[in-house]
Amino acid sequence: QQPVQSPQAVILREGEDAVINCSSSKALYSVHWYRQKHGEAPVFLMILLKGGEQKGHDKISASFNEKKQQSSLYLTASQLSYSGTYFCGTETNFGNEKLTFGTGTRLTIIP
Amino acid sequence: NAGVTQTPKFRILKIGQSMTLQCTQDMNHNYMYWYRQDPGMGLKLIYYSVGAGITDKGEVPNGYNVSRSTTEDFPLRLELAAPSQTSVYFCASSFTRRDTEAFFGQGTRLTVV
């Protein structure tokens, strides 16, 4: 079952912060985050494994709350290069254990 | 290191025609995946493979077939093309299923008319 992402779209001015959420109805083992620019392939950002860890690099970080089966991606002091569609991908503890992606969040950064 | 290579990049098919989308990776990855992405939508898993000789269905397998005879190659076959299969197809691979990133190919844009 597909994870649910929110919001579906967001527009920010350069320098503002954004939070993108990803939630699942199933218990999760891991959450992946990818960014896709228009007309290009998705590019890996980070993976979070169950254990509630938080990860980050540069001004992009993420958290994973395994009890709530939720993950959030935090973009601080956004730059024009952050524009794109962000996807979370989830792997569950049970079942066929495939990497299933959400419907995406379109982020537009304006100067 | 080429990563994940997909061919062709673009293709127009007539209804009822067949074709094979090629995907090859040179990273010795065990796991390979085929996704389709409709305009403005997310990625839907079609088929995946955990190693040579092993494949399994994803969320939307109807109308497609796959094979995995080698570690490197994971072709996707469309037998009787339908307009509903118009989409962008992405192949991806990862070393393990859970703890490592998936690398994506550049995609194949398929139009069925």
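Just so it is clear: chains get the letters A, B, ... in the order the sequence lines come, proteins before strands, and each one is counted from 1.
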Enquirer: Roughly how far, to the nearest 0.5 Å, is the CD atom of Glu40(A) from the CD atom of Gln106(B)?
Expert: 7.0 Å

Enquirer: Step by step, work out the ring-ring contact (aromatic ring centres under 6.0 Å, His included) result for Phe101(A) and Tyr35(B).
Expert: CA-CA 10 Å; Phe101(A) 286 90; Tyr35(B) 293 92; 5.2 Å; yes

Enquirer: Got a second to check how far Thr100(A)'s OG1 is from Glu59(B)'s CD, nearest 0.5 Å?
Expert: 5.0 Å

Enquirer: Work out which heavy atom in Gln37(B) is nearest to a heavy atom in Phe87(A); give both atom names and the distance.
Expert: NE2-CZ, 3.4 Å

Enquirer: To the nearest 0.5 Å, what is the distance between OG1 (Thr103(A)) and CG (Leu43(B))?
Expert: 10.5 Å

Enquirer: Taking all non-hydrogen atoms of both residues, which atom of Ala41(A) and which atom of Gly105(B) are closest, and how far apart?
Expert: CB-O, 3.0 Å

Enquirer: To the nearest 0.5 Å, how far apart are CZ in Phe44(A) and CZ in Phe104(B)?
Expert: 11.0 Å

Enquirer: Evaluate Glu101(B) against Met46(A) for side chain to side chain contact (heavy atoms under 4.5 Å, CB included), listing each step before the verdict.
Expert: CA-CA 8 Å; Glu101(B) 67 178 281; Met46(A) 64 190 77; over 6 Å; no

Enquirer: With a 4.5 angstrom heavy-atom cut-off, could you sort out which part of Gln5(A) is near chain B: side chain, backbone, both or neither?
Expert: neither

Enquirer: Quick check: under 4.5 Å, non-hydrogen atoms only, which of residues 64-92 of chain B neighbour chain A?
Expert: Phe90(B)

Enquirer: Write down the atom of Leu99(A), the atom of Leu45(B), and the distance for their closest heavy-atom approach.
Expert: O-CD2, 4.2 Å

Enquirer: I'd like to know whether CD1 of Ile15(B) has more than 12 heavy-atom contacts from other residues, nucleotides or ligands below 6.0 angstrom.
Expert: yes

